[in-house]
Peer 1: 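Here it is, the structure in full.
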Amino acid sequence: EQLTPFEPPASEGAHDPDRGFTIGQRMESHGGLGRTGVIHTAHGTIATPAFIPVGTKANVKALTPEMVRSLGAQAVLANAYHLYLQPGSDIVDEAGGFGPFMNWSGPTYTDSGGFQLFSLDHMMKADADGVTFHARDYDGSAHRWTPESNMDIQQRIGADICMQLDQCIGYPCEKEDVAASTALSWEWAKRCCDAHTRIDQALFAIVQGGMHLDLRL
């Protein structure tokens with residue numbers, strides 16, 4: 001189904017030039033949904049669309065940071081779940097954050113770890129307050145995450161852009177279950193926003209809703 005582009009915010013162009021997102025050129029075809037842009041972060045800009053390599057534990061396997069940069073990567077994404085468990089978000093924090101820990105001077109992302117909870121521990125239990133899981137791919141230890149504790153973890157890791165904690169569910173799935181998961185992710189998004197206090201770090205939302213356009217909207 002064809003969608004119309006989002007209306008630009010009234011304050012577009014008035015944001016801090018060192019933060020935020022500026023829209024470049026829009027495609028004339030397909031209703032103008034395609035576009036270029038620039039994400040402004042504390043450690044540089046990212047021209048979009050962009051390929052962002054994944055460095056799960058602040059390391060792109062088999063490549064040095066210099067090699068990653070020479071290949072044209074503008075940013076690197078690491079995984080909050082894995083860094084939390086090993087070596088620990090407190091150790092990454094003590095090293096100066098994700099960038100210095102990896103010896104990467106450019107923009108950085110972390111995901112929330114929500115997908116890893118879904119894919120690595122099928123016995124995890126999510127409720128309105130948060131999620132309980134076991135680190136089955138490490139030592140089997142039990143852990144409890146809430147949107148607030150997840151924000152604390154990602155702020156300690158210190159990427160330029162972090163993601164809200166969301167609930168990832170399987171596919172196929174009954175629509176009522178997808179709707180419940182989307183509603184829960186929405187409530188967690190609001191709590192993440194309230195708990196996020198680091199002004200040099202952007203907080204991104206996650207679009208849930210499965211294959212159902214009305215829920216995704």
Side-chain angles (χ1 to χ4, degrees), residues 1-12 15 19-24 26-27 30-41 46-54 56 74-81 107-120 124 126-131 133 145-151 153-155 157 159-196 198 201-217:
E1 182 175 339
Q2 183 64 47
L3 305 178
T4 57
F6 291 108
E7 290 295 324
S11 60
E12 183 172 347
H15 66 272
R19 302 290 188 274
F21 179 74
T22 54
I23 295 175
R26 288 190 182 274
M27 291 176 57
H30 303 291
L33 289 175
R35 67 187 185 191
T36 64
V38 177
I39 302 173
H40 303 270
T41 79
I46 306 168
T48 66
F51 169 70
I52 309 297
V54 175
T56 302
Q74 301 177 70
V76 175
L77 182 144
N79 188 272
Y81 169 88
T108 52
Y109 288 74
T110 47
D111 60 14
S112 69
F115 175 76
Q116 280 66 38
L117 301 186
F118 161 76
S119 64
L120 296 175
M124 73 168 189
D127 53 57
D129 183 60
V131 59
F133 64 96
W145 274 6
T146 64
E148 292 78 14
S149 65
N150 186 264
M151 287 295 94
I153 290 166
Q154 292 195 73
Q155 288 183 108
I157 294 173
D160 294 308
I161 299 170
C162 70
M163 311 289 173
Q164 71 155 105
L165 181 65
D166 63 321
Q167 185 189 32
C168 181
I169 60 173
Y171 179 81
C173 190
E174 295 296 328
K175 186 173 182 178
E176 54 265 31
D177 295 328
V178 180
S181 175
T182 304
L184 181 61
S185 292
W186 172 251
E187 293 301 320
W188 286 3
K190 291 188 287 186
R191 289 170 57 187
C192 285
C193 193
D194 289 340
H196 185 262
R198 187 162 179 165
Q201 181 187 62
L203 170 61
F204 278 16
I206 303 295
V207 176
Q208 288 292 6
M211 301 299 290
H212 305 284
L213 180 61
D214 57 329
L215 295 179
R216 294 182 68 82
L217 289 173

Peer 1: To the nearest 0.5 angstrom, please state how far the CG atom of Asp111 sits from the CG atom of Leu165.
Peer 2: 10.5 Å
Peer 1: Is a side-chain donor or acceptor of Thr110 paired with a backbone partner of Cys162 at a separation under 3.5 angstrom?
Peer 2: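 No, Thr110 side chain to Cys162 backbone: no donor-acceptor pair under 3.5 Å.
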Peer 1: May I ask you to decide if Ser181's main-chain N or O and Ser185's side chain share a donor-acceptor pair within less than 3.5 Å?
Peer 2: yes
Peer 1: Taking the side chain as every heavy atom from C-beta outward, state whether Trp186 and Gln208 have any atom pair closer than 4.5 Å.
Peer 2: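 No, side chains not in contact.
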Peer 1: Starting at CG of Leu77, measure out to OG1 of Thr108 and round the result to the nearest 0.5 Å.
Peer 2: 9.0 Å
Peer 1: Residues two or more places apart in sequence or in another chain: which of them pass ring pair (Phe, Tyr, Trp, His ring centres under 6.0 Å) with Trp188?
Peer 2: none
Peer 1: Kindly determine whether Arg191 and Asp129 satisfy side-chain contact (heavy atoms from CB on, under 4.5 Å), including the steps that lead there.
Peer 2: CA-CA 10 Å; Arg191 289 170 57 187; Asp129 183 60; 3.2 Å; yes
Peer 1: Tell me whether Glu176 at atom CD has more than 12 heavy atoms from other residues, nucleotides or ligands lying less than 6.0 Å away.
Peer 2: yes
Peer 1: Would Thr22 and His40 satisfy side-chain contact (heavy atoms from CB on, under 4.5 Å), going step by step from the backbone distance to the final call?
Peer 2: CA-CA 8 Å; Thr22 54; His40 303 270; 3.2 Å; yes
Peer 1: For the CD1 atom of Ile23 and the CZ atom of Arg35, what is their distance to the nearest 0.5 Å?
Peer 2: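 One finds 4.5 Å between CD1 of Ile23 and CZ of Arg35.
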Peer 1: Under 30°, 30 to 60°, or over 60°: which ring-plane class applies to Phe204 and Tyr109, parallel, tilted or perpendicular?
Peer 2: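 Because their plane-to-plane angle is over 60°, the rings of Phe204 and Tyr109 count as perpendicular.
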Peer 1: Do Ile39 and Asp160 come within less than 4.5 Å of each other through their side chains, counting heavy atoms only?
Peer 2: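 Answer no - side chains too far apart.
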Peer 1: How about CE on Met27, more than 12 heavy atoms from neighbouring residues, nucleotides or ligands closer than 6.0 Å, or not?
Peer 2: yes
Peer 1: Do any N or O atoms from the side chain of Gln201 and from the backbone of Ala159 form a donor-acceptor pair under 3.5 angstrom?
Peer 2: yes
Peer 1: Go through the steps for Gln74 and Thr41 under the test side-chain contact (heavy atoms from CB on, under 4.5 Å), then give the verdict.
Peer 2: CA-CA 11 Å; Gln74 301 177 70; Thr41 79; over 6 Å; no
Peer 1: If we ignore angles and hydrogens, is there a donor and acceptor under 3.5 Å between the side chains of Gln154 and His196?
Peer 2: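 There is no such pair between these side chains.
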Peer 1: Okay, side chain of Gln164, backbone of Ser112: is any donor-acceptor separation there less than 3.5 Å?
Peer 2: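 Side chain of Gln164 to backbone of Ser112: no pair is present.
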Peer 1: Taking only residues two or more places apart in sequence or in another chain, which ones pass side-chain hydrogen bond (donor to acceptor under 3.5 Å, both in side chains) with Arg216?
Peer 2: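 Listed in chain order: nothing, the list is empty.
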Peer 1: Please check: side-chain N/O of Gln155 versus main-chain N/O of Arg198, any donor-acceptor pairing under 3.5 Å?
Peer 2: yes
Peer 1: Which heavy atom in Tyr171 sits nearest to a heavy atom in Met211, and how many Å separate them?
Peer 2: CE1-CG, 3.4 Å
Peer 1: Does Asp194 have any side-chain hydrogen bond (donor to acceptor under 3.5 Å, both in side chains) partners at least two apart in sequence or in another chain, and if so, which?
Peer 2: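 Checked Asp194 against side-chain hydrogen bond (donor to acceptor under 3.5 Å, both in side chains); zero matches.
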Peer 1: For Leu203 and Met151: C-alpha separation, side-chain torsions, deciding distance, then whether side-chain contact (heavy atoms from CB on, under 4.5 Å) applies.
Peer 2: CA-CA 9 Å; Leu203 170 61; Met151 287 295 94; 3.9 Å; yes
Peer 1: Drop me the distance from Asp214's CG to Lys175's NZ, to the nearest 0.5 angstrom.
Peer 2: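 Answer for the CG-NZ pair, Asp214 versus Lys175, is 3.5 Å.
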Peer 1: From Ile169 CD1 over to Thr182 OG1, what is the distance, rounded to the nearest 0.5 angstrom?
Peer 2: 6.5 Å
Peer 1: Show the nearest heavy-atom pair for residues Ala75 and Pro53, with the distance to one decimal.
Peer 2: O-CD, 3.2 Å
Peer 1: Are the side chains of Ile206 and Phe115 in contact, using a 4.5 Å heavy-atom criterion?
Peer 2: no
